[in-house]
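To start, the structure under review is shown below, and the notes come after it.
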Amino acid sequence: MGRTVLHALAVGATAGILGVGFVYGLEHVQRMVLELLCGYVPLRAAGDREIDQVSAPFRPWLLWLIPALGALLGGIASFLLAPETAGGGGDAMIDAFHRRGGQLRKRVVWVK
């Protein structure tokens with residue numbers, strides 16, 4: 001019983017720390033891209049703190065360009081690095097199971 005609780009504690013703590021780090025990273029990327037680069041300030045819930053109040057000129061054309069560039073880069077990475085990542089992934093898994101002994105390349109996880 002003690003070993004199971006210890007493993008559950010370790011997994012829970014690791015998942016919590018990684019989750020907090022992920023949200024922290026998302027907040028900072030949102031701040032850099034949306035607020036500082038595009039000048040767009042999203043609505044915040046009452047009580048949310050802002051790091052500092054920096055106003056940049058509003059550039060609405062960047063709100064269209066930045067997601068388009070991200071999608072283009074993601075498509076190029078998928079096409080060049082691991083073409084089997086195209087789509088939902090079910091076809092690649094079935095193909096790997098029937099033709100490759102259930103093996104996928106390690107880069108598929110990172111590209112997907």
Side-chain angles (χ1 to χ4, degrees):
M1 180 76 173
R3 181 189 237 179
T4 303
V5 171
L6 183 64
H7 285 157
L9 181 68
V11 169
T14 303
I17 290 169
L18 289 174
V20 167
F22 184 72
V23 170
Y24 184 76
L26 285 178
E27 290 285 333
H28 280 286
V29 168
Q30 172 183 314
R31 174 135 177 86
M32 288 187 310
V33 173
L34 283 179
E35 296 179 25
L36 298 178
L37 184 63
C38 297
Y40 174 77
V41 180
L43 292 176
R44 289 186 171 79
D48 276 358
R49 290 185 301 147
E50 294 184 28
I51 298 171
D52 55 350
Q53 191 75 352
V54 177
S55 61
F58 182 55
R59 300 177 189 102
W61 57 275
L62 280 177
L63 292 175
W64 292 86
L65 183 65
I66 289 174
L69 288 175
L72 182 65
L73 288 174
I76 289 171
S78 175
F79 182 75
L80 294 178
L81 297 176
E84 61 267 27
T85 60
D91 292 338
M93 281 302 299
I94 291 170
D95 182 54
F97 181 76
H98 287 291
R99 295 195 179 117
R100 296 190 201 128
Q103 298 293 318
L104 287 174
R105 296 188 295 176
K106 291 180 182 176
R107 73 173 77 168
V108 169
V109 173
W110 298 107
V111 172
K112 192 67 170 170

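Positions are given from 1 along the sequence. Computed from a predicted structure; not experimentally measured.
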Measuring from [X]:[atom1] to [Y]:[atom2], what's the distance to the nearest 0.5 Å?
{"X": "D91", "Y": "D95", "atom1": "CG", "atom2": "CG", "result": "8.5 Å"}
{"X": "Q30", "Y": "Y40", "atom1": "CD", "atom2": "OH", "result": "9.0 Å"}
{"X": "L81", "Y": "I76", "atom1": "CG", "atom2": "CD1", "result": "10.5 Å"}
{"X": "L65", "Y": "R59", "atom1": "CG", "atom2": "CZ", "result": "12.0 Å"}

Write down the atom of [X], the atom of [Y], and the distance for their closest heavy-atom approach.
{"X": "L104", "Y": "M93", "answer": "CD1-SD, 3.4 Å"}
{"X": "L62", "Y": "L37", "answer": "CD1-O, 3.6 Å"}
{"X": "A82", "Y": "R105", "answer": "CA-NH2, 3.5 Å"}
{"X": "V111", "Y": "S78", "answer": "CG1-CA, 3.8 Å"}
{"X": "A10", "Y": "T14", "answer": "O-OG1, 2.8 Å"}
{"X": "E35", "Y": "V41", "answer": "CG-CA, 4.3 Å"}

State plainly whether one hydrophobic cluster holds both [X] and [Y], where clusters connect Ile, Leu, Val, Met, Phe, Trp and Tyr through side-chain heavy atoms under 4.5 angstrom apart.
{"X": "V29", "Y": "I66", "value": "yes"}
{"X": "V33", "Y": "W64", "value": "no"}
{"X": "Y24", "Y": "I17", "value": "no"}

Q.
Counting only heavy atoms from other residues, nucleotides and ligands, does the tally under 6.0 Å from CZ of F58 exceed 12?
A. yes
Q: Answer whether the closest heavy-atom distance between the side chains of W110 and T85 falls below 4.5 Å.
A: no
